[in-house]
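Data block below; observations after.
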Amino acid sequence: MNDSAAPAWDALWRHVHLATMAGEGYGAIEHGAVAVKDGRIAWVGAESALPAGARAAREHDGAGAWLTPGLVDCHTHIVYAGNRSDEFEARLNGVPYEEIARRGGGIVSTMRATRAATPAELLAASRPRVASLLAEGVTTLEIKSGYGLDTANEAKMLRVAREVGRTLPVRVCTTFLGAHAVPPEFQGRPDDFIALMCDETLPALAAAGLVDAVDAFCENIGFTPAQTERMFQAAAAHKLPVKLHAEQLSDQGGAALVARFKGLSADHLECLSAEGVAAMAAAGTVAVLLPGAFYFLRETRLPPVQALRDAGVPMAVSTDCNPGTSPMPSLLAAMNMACTFFRLTPQEALAGATRHAAAALGRAGEIGTLEVGKRADFALWAIDRPADLGYAMGFNPCRQVVNAGVAREPRQGGGLP
């Protein structure tokens, strides 16, 4: 190839080892390179196979670092106001949750604080949590509503989520979680509340372009399968995909229900049945494992990981970052917990935080693997092998994060990128 015919790229990363996460295992390519053009991956492979005379406006020397797809945190409640460490302390001092709830604690506490906060205050409270994730190589983030629980405040939360994506270097996918809990003004009238969410709130939010997907909490302390199905029917009317908090505390048949609607994911799944596994496998629904909540709630019942493996159900891993049951803005910690508690392999954990997490957001065609044509989102790590990302506890080896081809150095200790 002569120089005039050689590709001219915007940027080229050389002297890196690649965990492409495409195909089997890590999809590893040692001594590799990645080229970017117009925010997309233009070339990926062994450095020795680079086209002759290839040129790039900027070249980056990876100095032997491992390069992976950008991490994807596919289940978070990261936009909220208030703090519930007082409840954490009270529970450890023997105060039952029911008593805490009678005092106005639990999700209602977060709802009140979130309703009282201005959009600017919500954004300011959320940014440090998001920054912690970005410093660990996260390039795509899901943010749920669900602490507003009325039309105006659900809209406020989702607008703040959109603002996170506009003001920080991260792609944000928004999820409407109106069916999260029954607010005090609807106590004893859950069907009326679901009617409000379906008939007024969701149409308004969808018309405003604030919703990418619809979620619900189908549980014996949440919403019934019939109420959840009504939410899903409303989502379908607006051509929105669905996902579900399912089988966390009891088996309500939620996984089979969300699978029937060809849902993107069923999340938690500690009480998942064999029938639920089969339904998810048939529908292609992703299992999202949330070890932070398992740890924080001191659960003992494990999700049926081997059954999910045997059925070929893809397993994503996420932080579930929220103030009540998983105050953990660290996807690396979630990966380690998934290995330690749930016995995922490090390769499964990394796949769970990249390609399977992308699928759980309906974005598998855009992100999650290092392949030509996909968005140029990736992270460079000062590690010896990809397994280190699921191995180390409390250590962040991220050296560089690239969003749509634009590189930045992560700031440690919660500093904003």
Handout entry: Stacked cation flag Arg260 on Phe232, 6.0 angstrom / 45 deg
Key = no
Practice task
Count the heavy atoms belonging to other residues, nucleotides or ligands that lie under 6.0 Å from CZ of Arg298, then report whether that count exceeds 12.
Solution key: no
Problem - Salt bridge flag under 4.0 Å for residues Arg171 and Asp377 - result: no
Problem - Atom pair CG/NZ of Asp10 and Lys37 - distance to nearest 0.5 Å - result: 4.5 Å
Handout entry: Inter-residue atom distance Leu389.CG - Ile383.CD1, 0.5 Å rounding
Key = 4.0 Å
Practice task
Hey, can you tell me if Tyr80 and Tyr147 have their rings parallel, tilted or perpendicular (30° and 60° cut-offs)?
Solution key: perpendicular
Practice task
May I ask you to decide if the ring planes of Trp13 and His60 are parallel, tilted or perpendicular, using 30° and 60° as cut-offs?
Solution key: parallel
Exercise for the section: Check whether any side-chain heavy atom of Gln248 sits under 4.5 Å from a side-chain heavy atom of Glu219, and report yes or no. Expected result: yes
Fill in the blank from the handout: Output for pair (Lys243 NZ, Thr175 OG1), nearest 0.5 Å, gives 4.0 Å
Practice task
Applying side-chain contact (heavy atoms from CB on, under 4.5 Å), run through Met328 and Cys321 and close with a yes or a no.
Solution key: CA-CA 5 Å; Met328 182 181 72; Cys321 182; 5.8 Å; no
Problem - Test log, rule side-chain contact (heavy atoms from CB on, under 4.5 Å), inputs Leu133 and Thr319 - result: CA-CA 10 Å; Leu133 293 171; Thr319 64; 4.0 Å; yes
Problem - More than 12 heavy atoms of other groups within 6.0 Å of Gln187 CD - result: yes
Practice task
May I ask you to check whether over 12 heavy atoms, not counting those of Glu24, lie within 6.0 Å of atom CD?
Solution key: no
Practice task
Would you check, one step at a time, whether the test side-chain contact (heavy atoms from CB on, under 4.5 Å) holds for Leu12 with Leu50?
Solution key: CA-CA 10 Å; Leu12 174 65; Leu50 277 167; 4.2 Å; yes
Exercise for the section: For the pair Phe341 and Phe294, name the ring-plane relationship: parallel under 30°, tilted 30 to 60°, perpendicular over 60°. Expected result: tilted
Problem - Test: Arg115 and Asp150 ion pair at under 4.0 Å - result: yes
Problem - Ion pair Asp38/Arg375, N-O distance below 4.0 Å - result: no
Problem - Option passing side chain to side chain contact (heavy atoms under 4.5 Å, CB included) with Arg127 (candidates Leu122, Leu134, Thr167, Ile78) - result: Thr167
Practice task
Search all heavy atoms of Lys374 against all heavy atoms of Ala364 and return the closest pair with its distance.
Solution key: NZ-O, 2.9 Å
Completion exercise
Output for pair (Lys156 NZ, Asn153 CG), nearest 0.5 Å, gives 4.0 Å
Practice task
Search all heavy atoms of Leu332 against all heavy atoms of Pro397 and return the closest pair with its distance.
Solution key: CD1-CD, 4.1 Å
Practice task
Identify the two heavy atoms, one from Trp381 and one from Ala65, that lie closest to each other, and give their separation to 0.1 Å.
Solution key: O-CB, 3.4 Å
